[in-house]
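The model shown is predicted, which means the values in this text are computed figures rather than measured ones.
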Amino acid sequence: MAAAISSAGIAAGSSIRYVDIAEDAGLTHVLPNGGDQAKKWILETTGSGAAFLDFNADGLQDAFAVSGPGGTNRLYQNLGARRFEDATERLRLQSDGWGQGVCAGDFNNDGFTDLFVTYWGTNRLYENKSGLQFEAVPVPDSGSYSTGCAFVDHDNDGDLDLFISNYLRFDFETTPEPGENPYCFYRNIPVACGPRGLPFARNELLRNEGRGEFKDVSLASGIGLPRRNYSLGAVTGDYNADGWTDIYVACDRTPSILYVNQGDGTFRDEAVLRGVAFDEHGEALSGMGVAAGDFDGDGRDDLFRTNFSDERSTLYANRGNGDYDDATVRYGLGVNTRFVGWGCAFLDADNDGWRDVLLVNGHVFPEVENLADSDLNYRERPVLYRNLGGKRFVDISLTSGPGLAERRAARGLALADIDNDGRLEALINSQNERPALLAQTGEAWENWILLDLEGTESNRSAIGARVLVRSSGRSQSGEVRGGGSYISQHDLRLHFGLGASDAADVEVHWPSGKIQRLGRLASRLVHKIREPRTGD
């Protein structure tokens, strides 16, 4: 489609209509997460993530939701026709404790996607045993307050490593209670203390040594530095296009981090240098979730970060070579400042070939409901920004169905095409509620293509593979990413809207360095793409 904004294109956006189908789909279990009327500890506020993965390799994306104490993490098997079945017990995934984030990837390259779940306490790596059950695998653990995570092949050796973001150091004995110091108030109301005033924790990198073994290389790699950030959501990507995967981390009340891969097993934080640590005024915001994607069609990865209320979500436009500008106001994303943002994603909601932005919201403190003369609510609605041809975004939330009007204390967000019909569904993990599953009604009115990549010499999950899709005279790009959103994991398959095009030329740049070109792949299909082996 041409880059120009047409009135027909804007009208098509009004046809987007999301409804919550979770109850009918079988996602019915409440996921506990601390107090619902008040929060005594910061541990109760950060909530939990969500993930989509195809655990049994049947071509359907299954749903995973993390839980706090008093419940268990849940894995719902996709039965087709937008129906799910709770398979948690059968798959031996019952859990307890303060579950936080989740990421997915095939760490042992056996063809079955594994799970990593972060906790306040001991993190857990679950090996997928041929889609029949999961088995816990011991990994080095700092016993910290872990939040985000991402599978990443940081050294391009074909084995997935693990990045873990740690929020802060917390214990019940030494952490002040609400109202006990200046960091324990919000608008003069005593609330859970932090993050300011609480000790920092270092982030971690576990290198995959093969044979199901991981080695802590946090300090040697530079990931363990700096130790001055409250780290939350993380997402992988080759942000400077040098062939090595980098990691961006949204940080709360401290500068965000961009770990730039030096190609020798080490990373360097270049967020300040590259313009993604602060906002346009040089302020460190309350970063929560993060998304990466090419919203303007220039072939470069842009970044989107959610923040606290009285702050804007931040759009960083990539101006080349991994250098960024705060483009939030210029592209129309500065209009919502009362929400506390968490999970987020770039997605093409209407398949017009331009990536929109979805974010979910929910205040940190239930106590805001007691504020007089305030427009703040604990439960908040999501926001959907439609991309107008890469030139500007417009908020279409209030005209996009009841699913986007419902208020939730939302945290995690994961996207997937659960029924392979070309439209992405949204799994939302909210505090002390059952999950929400937002789906569009009606037929997909524009064409699309879904790419399911499988590495052979690269890692089996193809994390780090970059794809170029060409149709109707323009190009789109995407990357298979570990982590993302707010401590969550999207479908590893890549979705592209094609507008009126009935086919697309596809080019895959594999982490191994191979380039694979596939011409004229038909639209409205899921295409399995396998990396050719050397000599094929």
Identify each donor-acceptor pair in which a side-chain atom of residues 327-335 lies under 3.5 Å from a protein atom, sequence neighbours left out, and give them as a table.
{"from": "T328", "atom 1": "OG1", "to": "L315", "atom 2": "N", "distance (Å)": "2.9"}
{"from": "T328", "atom 1": "OG1", "to": "D326", "atom 2": "OD1", "distance (Å)": "2.6"}

| Between R423 and D350, is the closest basic N to carboxylate O distance under 4.0 Å? | no

| task | Output yes when D269 and R274 qualify as a salt bridge under the 4.0 Å nitrogen-oxygen rule, no when they do not. | result | no

| field | Side-chain heavy atoms of Q100 within contact of V66, under 4.5 Å | value | no

| remark: Smallest heavy-atom separation, A104 atom then L53 atom, equals CB-CB, 4.3 Å

| message | For R207, is there an ion pair with E209 - N to carboxylate O distance below 4.0 angstrom? | response | yes

| Between L450 and D417, is any pair of side-chain heavy atoms under 4.5 Å apart? | yes

| request: Could you check if a side-chain atom of P255 sits within less than 4.5 angstrom of a side-chain atom of N229, using non-hydrogen atoms only? | output: yes

| request: With sequence neighbours excluded, give me every ring-ring contact (aromatic ring centres under 6.0 Å, His included) pair touching residues 513-535. | output: none

| query | Looking at F200, Y167, W98, which one forms a ring pair (Phe, Tyr, Trp, His ring centres under 6.0 Å) with Y145? | reply | Y167

| task | Apply disulfide bond (SG atoms under 2.5 Å apart) to C344 and list each qualifying residue two or more places apart in sequence or on a separate chain. | result | none

| field | F304 vs Y316 side-chain heavy atoms within contact, under 4.5 Å | value | no

| said: Between R460 and E531, does any side-chain N to carboxylate O distance fall below 4.0 Å? | reply: no

| query | Looking only at heavy atoms, what is the nearest atom pair of S146 and E204, with distance? | reply | OG-OE2, 4.3 Å

| message | Does this structure show an ion pair linking R338 with E380, if we count only N-O contacts that are shorter than 4.0 Å? | response | no

| field | Min side-chain heavy-atom separation V508-I529 under 4.5 Å | value | yes

| Given side chains that start at C-beta, do those of L358 and L413 come closer than 4.5 Å, heavy atoms only? | yes

| query | Is there side-chain contact between Y324 and Y239, with at least one heavy-atom pair below 4.5 Å? | reply | yes

| said: Against the six-membered ring of Y119, is R124 placed for a cation-pi contact (under 6.0 Å from the centre, within 45° of the normal)? | reply: yes

| task | Please tell me if the side chains of D161 and D155 come closer than 4.5 Å, counting only heavy atoms from C-beta onward. | result | yes

| field | Face-on cation placement of R474 at W354 ring, 6.0 Å and 45° thresholds | value | yes

| SB check K514 E457 (cutoff 4.0 Å) | yes

| said: Could you tell me if D395 and N336 have a donor-acceptor pair between their side chains, going purely by distance under 3.5 Å? | reply: yes

| said: Using a strict threshold of under 4.0 Å (side-chain N to carboxylate O), is an ion pair present between R305 and D252? | reply: no

| For F107, the option from F116, F214, F151, F112 that meets ring pair (Phe, Tyr, Trp, His ring centres under 6.0 Å) | F214

| Ion pair E311/R253, N-O distance below 4.0 Å | yes

| message | On a heavy-atom basis, which atom in D294 and which in G299 lie closest, and how many Å separate them? | response | OD2-N, 2.7 Å

| Charged N-O contact under 4.0 Å between D325 and R319 | yes

